[in-house]
Amino acid sequence: MSSLIIGLGNPGKKYAFTRHNVGFIFVDKFLKKYPPFETVQKVDYLLYSTIAEGLEISLVKPLTFMNQSGLIFNSLYVIDPPLVVYDDLDLEIGKMRIRPSGSAGGHNGVKSIIEHLETQNFPRIRIGIGPKNSDAIEYVLGRFSDEEFAIVDRVIDHAIEAAIVIFKDGIDVAMNRFNSLKLS
């Protein structure tokens with residue numbers, strides 16, 4: 001498996017720390033723990049290279065808006081499927097789910113990646129931001145309360161650990177260790 005991680009979010013300060021930007025928050029926190037030795041900026045993505053637990057890992061933040069996340073594959077050469085990290089409205093805050101593949105589940109960023117890769121077969125870490133609200137768009141583009149963010153921040157710590165386990169020991173080991181986690 002490739003050691004490429006794509007964290008989904010929307011670019012710009014307006015969207016920083018919104019629920020929909022959990023993937024970007026993940027990448028930023030990963031890079032604080034394991035500082036990059038190289039950063040490359042392209043028109044449609046930022047690529048960071050780092051060493052984490054003896055593994056060389058590349059992390060990507062698409063600079064397109066969420067529903068066009070897959071466009072990065074027009075200029076980002078990928079041999080193996082990337083690990084994609086993103087928010088999930090169907091999971092409550094404090095939960096995360098690791099899966100080896102699957103549908104978009106209504107997530108437009110994942111839908112765009114599936115369309116561009118022409119497959120659903122890529123691993124993912126879904127980080128809960130639910131429960132669903134009557135106005136999903138307003139909810140996902142809203143900011144976390146301090147209490148919610150404290151929980152999500154702890155989940156992201158576990159998601160970073162899970163990503164490393166996926167690359168070192170395989171996705172089945174990571175699913176067994178982290179899918180039962182609930183931090184709320």
Side-chain angles (χ1 to χ4, degrees), residues 1-88 96-102 104-105 107-127 129 140-141 152-153 155-168 171 174 178:
M1 175 187 291
S2 165
S3 56
L4 174 66
I5 301 172
I6 298 175
L8 299 186
N10 284 309
K13 290 182 181 183
K14 175 181 176 181
Y15 299 104
F17 300 104
T18 62
R19 291 177 183 93
H20 218 22
N21 270 34
V22 164
F24 278 16
I25 296 167
F26 168 91
V27 169
D28 292 340
K29 190 158 191 183
F30 195 108
L31 293 171
K32 281 183 184 170
K33 186 170 184 172
Y34 303 103
F37 63 81
E38 182 181 20
T39 302
V40 176
Q41 182 164 357
K42 298 282 186 174
V43 172
D44 52 355
Y45 64 86
L46 278 166
L47 172 69
Y48 307 91
S49 298
T50 191
I51 301 291
E53 306 296 323
L55 298 169
E56 187 170 333
I57 295 177
S58 298
L59 297 108
V60 174
K61 288 168 71 172
L63 297 178
T64 58
F65 284 96
M66 181 69 79
N67 60 357
Q68 297 178 326
S69 296
L71 290 176
I72 63 170
F73 296 107
N74 292 340
S75 59
L76 180 67
Y77 182 70
V78 176
I79 297 171
D80 293 322
L83 171 62
V84 180
V85 180
Y86 59 96
D87 62 286
D88 191 324
M96 89 175 164
R97 287 289 177 269
I98 302 166
R99 294 284 183 258
S101 62
H107 194 287
N108 288 331
V110 176
K111 181 180 177 185
S112 178
I113 289 174
I114 289 170
E115 288 172 359
H116 282 81
L117 290 179
E118 297 180 350
T119 184
Q120 296 180 5
N121 295 324
F122 54 87
R124 65 228 29 220
I125 298 176
R126 300 169 18 227
I127 297 174
I129 63 164
V140 300
L141 295 179
V152 169
D153 192 52
V155 172
I156 288 173
D157 286 334
H158 290 282
I160 290 168
E161 186 181 341
I164 292 169
V165 169
I166 288 168
F167 296 132
K168 278 190 156 189
I171 197 157
F178 295 97

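- Partners of Leu141 by side chain to side chain contact (heavy atoms under 4.5 Å, CB included), not counting sequence neighbours, listed by chain and number: Asn10, Tyr15, His20, Ile137.
- Ser75 approaches Tyr45 most closely through the heavy-atom pair OG-CE2, 3.4 Å.
- With a 4.5 Å cut-off on side-chain heavy atoms, Leu76 and Leu4 count as touching.
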(request) Tell me, with the steps shown, if Ile5 and Tyr48 meet side chain to side chain contact (heavy atoms under 4.5 Å, CB included). (result) CA-CA 10 Å; Ile5 301 172; Tyr48 307 91; over 6 Å; no
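- Not a single side chain to side chain contact (heavy atoms under 4.5 Å, CB included) links Ala16 to another residue, sequence neighbours left out.
- Listed by first and then second residue, the salt bridge (charged side-chain N to carboxylate O under 4.0 Å, His left out) pairs that reach into residues 29-46 are Lys29-Asp153, Lys29-Asp157, sequence neighbours excluded.
- What you find for Ser49 and Ser58 is that their closest heavy atoms are OG-OG, 3.8 Å.
- Of all heavy-atom pairs spanning Thr50 and Pro35, the tightest one is OG1-O, 2.9 Å.
- Pro82 is listed as a side-chain neighbour of Ile6, based on a closest heavy-atom distance under 4.5 Å.
- The nearest pair of heavy atoms linking Arg99 to Ile171 is O-CD1, 3.4 Å.
- In this structure, Arg124 contributes its side chain and Gly102 its backbone to a donor-acceptor pair below 3.5 Å.
- Using a 4.5 Å heavy-atom cutoff, the side chains of Leu63 and Leu46 are in contact.
- A 4.5 Å side-chain heavy-atom check between Val155 and Val22 finds every atom pair outside the cut-off.
- In this structure, the side chains of Phe73 and Ile113 come closer than 4.5 Å at one or more pairs of heavy atoms.
- In this structure, Tyr34 and Ile51 have side chains that are not in contact, with every pair of non-hydrogen atoms separated by 4.5 Å or more.
- Sparse packing is recorded around CZ of Phe17, with 12 or fewer heavy atoms of other residues, nucleotides or ligands lying under 6.0 Å away.
- Under the side-chain hydrogen bond (donor to acceptor under 3.5 Å, both in side chains) criterion, Arg126 pairs with Asp88, not counting sequence neighbours.
- Side-chain atoms of Val85 and Phe30, non-hydrogen and from C-beta on, never get closer than 4.5 Å to each other.
- Take Thr119 and apply the side chain to side chain contact (heavy atoms under 4.5 Å, CB included) test, not counting sequence neighbours, and it matches Leu117, Asn121.
- Shortest non-hydrogen contact noted between Met66 and Leu8 is SD-CB, 3.7 Å.
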(request) Verify side chain to side chain contact (heavy atoms under 4.5 Å, CB included) between Ile72 and His116, making sure each step is shown before the conclusion. (result) CA-CA 9 Å; Ile72 63 170; His116 282 81; over 6 Å; no
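- Taking every heavy atom of both residues into account, Ala52 and Ile57 meet most closely at CB-CD1, 4.0 Å.
- With sequence neighbours left out, the side chain to side chain contact (heavy atoms under 4.5 Å, CB included) criterion links Glu161 to His158, Arg177, Phe178.
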(message) Determine whether Ile125 and Ile166 satisfy the following criterion, side chain to side chain contact (heavy atoms under 4.5 Å, CB included), listing intermediate values before the conclusion.
(response) CA-CA 10 Å; Ile125 298 176; Ile166 288 168; 4.1 Å; yes
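- With contacts defined as side-chain heavy-atom distances shorter than 4.5 Å, the pair Asn67/Ser112 does not qualify.
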